[in-house]
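Some notes on the structure that comes next.
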Amino acid sequence: MPELPEVETIKRDLEKEVVGKRIRSVDVSGMRSIRRHPNKKHFITKLEGHKIGGVKRKGKYLVIKLDSPDVLVAHLGMSGQLLRTRGTKDPLNKHTHVVITFTQGGALRFVDPRTFGELFVTPSDELEDHVPELAHLGFDPVDDMMSWTRFGDLLMARKAKLKTLLMDQRFAAGIGNIYSDEILFAAGLRYDRSSDSLTSQEVRRLYRAMVETLQEAIKHRGSSLADEQYRDLFGESGGYQNMHKVYDREGQACRRCRSTIVRVKVNGRSSFLCPQCQV
DNA sequence: CGATCTACCTGATGGC
DNA sequence: TGCCATCAGGTAGATC
């Protein structure tokens, strides 16, 4: 579910809400969400008693520093939520897999119905040697400034369809199905244009669209679709879904030209575009 | 090497 | 009502 803007929203709220807190206890309901660990104790003992030092985002991964040689890494998959709770009274959601309770009171819950998300603790030094997925991530479209000529070189080095490339975490880290569609609309480019076919003007438009679309989505605290699966740290919906130009707008009028928005299948996933505005 | 499929899960929705 | 098929923000691994 969550893509870069949603993960970034959670990251900023975690910085305000949990940095400096000490972990009193950790409860884990099953092995699925901590599947990289051999058993629950292996995960829990690396967390209990430690203080949270800072939070970073790498693509769609959250890296939470501890006052120990380790970091806690979180990936939310399709349906994962990290929720900050104040009291212990709020009833546990059915799919709460991990609860991290702080000595100062309150807790952080990991809720994940589809269980594609995960949490794991790993040494922070040479993190990327321990976690190949992190080592393989491409540039961060929001954090890593880049000239559009360099961006053009990266596009030319690959001959892939634009949507496939934008969603490839080894190319750019953090873009998924929603934002690839929104970026391509903002750039006026079709999903199936080959990455090595762009004019220099189109390269600039795509780069600008990528950065601005993601930044704008962060400002609106991400997108929550109809099923409300994405929630921020406080359980609140994002607001960017109301700004979508194409995603989940099949059959509706293009906000720019009034043509009908179309849905197509790309790599087995639904994609949305305006056939008039995108060439 | 890249492109394409499949599996991993639960839940919501729509057709019959 | 229920039953079945389809679809959903992601990614790794197998296969071609």
Side-chain angles (χ1 to χ4, degrees), chain A residues 1-11 29-36 57-62 73-82 93-98 110-120 130-138 141 154-184 191-196 213-214 217-218 220-232 237-244 246-251 263-272:
Chain A
M1 135 262 267
E3 304 180 30
L4 187 153
E6 291 78 30
V7 178
E8 179 67 20
T9 301
I10 294 167
K11 179 227 163 190
S29 67
M31 281 306 296
R32 171 95 179 132
S33 299
I34 56 160
R35 52 192 174 271
R36 295 199 195 202
R57 180 186 57 75
K58 289 182 178 291
K60 299 173 194 171
Y61 291 84
L62 287 166
V73 180
H75 192 286
L76 303 177
M78 291 277 254
S79 60
Q81 302 175 346
L82 281 175
N93 176 298
K94 183 182 173 190
H95 300 287
T96 304
H97 306 301
V98 179
F110 179 64
V111 179
D112 187 15
R114 290 181 71 183
T115 73
F116 292 167
E118 62 170 335
L119 301 181
F120 59 91
H130 302 284
V131 191
E133 299 93 308
L134 292 178
H136 296 153
L137 289 178
L154 293 178
L155 289 174
M156 287 300 288
R158 301 279 296 267
K159 292 178 205 278
K161 288 178 180 174
L162 285 181
K163 166 133 177 159
T164 308
L165 190 54
L166 285 176
M167 288 181 66
D168 183 347
Q169 302 303 298
R170 293 174 179 232
F171 175 74
I175 301 170
N177 205 35
I178 294 178
Y179 293 103
S180 55
D181 282 3
E182 293 299 319
I183 289 165
L184 288 168
Y191 64 91
D192 54 358
R193 280 285 294 280
S194 180
S195 63
D196 62 350
T213 299
L214 295 170
I218 292 168
H220 289 85
R221 302 184 59 78
S223 302
S224 296
L225 300 188
D227 61 10
E228 297 284 324
Q229 286 226 56
Y230 164 67
R231 295 306 187 94
D232 67 17
S237 297
Y240 193 69
Q241 63 282 359
N242 301 316
M243 321 273 292
H244 288 179
V246 287
Y247 191 85
D248 214 15
R249 296 195 67 241
E250 181 187 20
R263 178 207 292 249
V264 294
K265 283 276 180 202
V266 180
N267 302 335
R269 317 283 299 277
S270 284
S271 291
F272 302 84

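Here is how names work: the chains are called A, B, and so on, in the same order as the sequence lines, proteins then strands, and each is numbered from 1. If you're wondering where the values come from, they're calculated on a predicted model, not measured in any experiment.
- Using N1 to N3 plus N6-O4 or O6-N4 for Watson-Crick, or N1-O2 and O6-N3 for G-U wobble, each under 3.5 Å, B/dC9 pairs with nothing.
- Within 4.0 Å (heavy atoms only), A/Asn267 reaches sugar-phosphate atoms of the nucleic acid but no base atom.
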Mind running side-chain contact (heavy atoms from CB on, under 4.5 Å) on A/Thr213 and A/Tyr240 for me, showing each step along the way? CA-CA 10 Å; A/Thr213 299; A/Tyr240 193 69; 3.8 Å; yes

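- Distances shown here put a side-chain N or O of A/Ser270 below 4.0 Å from the OP1 or OP2 atom of C/dA8.
- The residue among A/Arg158 and A/Lys94 whose nearest nucleotide of DNA chain B lies closer to the 5′ end is A/Arg158.
- For the OP1/OP2 pair of B/dC1 and a distance below 4.0 Å, the side-chain nitrogens and oxygens of A/Lys159 include no atom meeting the criterion.
- Nearest to the side-chain atoms of A/Lys60 among the listed nucleotides C/dG10, C/dC7, B/dG11 stands C/dG10.
- In this structure, the CD atom of A/Gln81 is 17 Å from the P atom of B/dT10, given to the nearest Å.
- Residue A/Arg269 places no side-chain atom within donor-acceptor reach of the base of C/dA8, judged by atom type and a 3.5 Å distance cut-off alone.
- At the phosphate of C/dG10, neither OP1 nor OP2 sits under 4.0 Å from any side-chain N or O atom of A/His75.
- For A/Glu250 and B/dT13, the CD to P distance is 17 Å, given to the nearest whole Å.
- For the pair A/Arg32 CZ and B/dT10 C1', the computed distance is 11 Å after rounding to whole Å.
- Counted by atom type alone, A/Tyr247 and A/Ser271 present zero donor-acceptor pairs between their side chains at under 3.5 Å.
- Contact annotation: A/Lys265 side-chain N/O to C/dA8 OP1/OP2 distance is under 4.0 Å.
- A/Arg263 comes within 4.0 angstrom of sugar-phosphate atoms only, judged by non-hydrogen atoms across all strands, and of no base.
- Under 3.5 Å, the side chains of A/Ser270 and A/Arg263 contain a donor-acceptor pair of N or O atoms.
- Residue-level contact check: A/Ser180 touches neither bases nor backbone, having no heavy atom under 4.0 Å from any strand.
- Atom-to-atom, CZ of A/Phe171 to P of B/dG2 comes out at 13 Å; the value is rounded to the nearest Å.
- There is a side-chain donor-acceptor pair under 3.5 Å between A/Tyr179 and A/Glu6.
- In terms of phosphate contacts, A/Gln169 brings a side-chain nitrogen or oxygen within less than 4.0 Å of OP1 or OP2 of C/dT11.
- The phosphate of C/dT11 has neither OP1 nor OP2 within less than 4.0 Å of any side-chain N or O from A/His136.
- Taking side-chain N and O atoms only, A/Arg114 has no distance below 4.0 Å to OP1 or OP2 of C/dT11.
- Ring stacking is absent between A/Phe116 and C/dT11, as the pair misses the limits of under 5.5 Å between centres and under 30 degrees between planes.
- Look at OH on A/Tyr247: it is 8 Å from P on C/dG10, rounded to the nearest Å.
- Closest approach to the A/Glu133 side chain among B/dG11, C/dA12, B/dT4 is made by C/dA12 (side chain taken as heavy atoms from C-beta onward).
- Rounding to whole angstrom units, CG of residue A/Leu134 and P of C/dA12 are separated by 10 Å.
- Ranking C/dA8, B/dA3, C/dA12 by closeness to the A/Met78 side chain, first place goes to C/dA8.
- At a threshold of 4.0 angstrom between heavy atoms, the contacts of A/Ala226 with the nucleic acid are absent.
- We find that CG of A/Asp168 is positioned 9 Å from P of B/dA3, with the value rounded to whole Å.
- When each of A/Thr164, A/Leu166, A/Leu155 is paired with A/Ser195, the side-chain contact (heavy atoms from CB on, under 4.5 Å) condition holds for A/Leu155 and for no other.
- Side-chain contact annotation: A/Ser79 with A/Asp112, donor-acceptor N/O pair under 3.5 Å present.
- If you measure from atom CD of A/Glu118 to atom C1' of B/dC9, you get 14 Å, rounded to the nearest angstrom.
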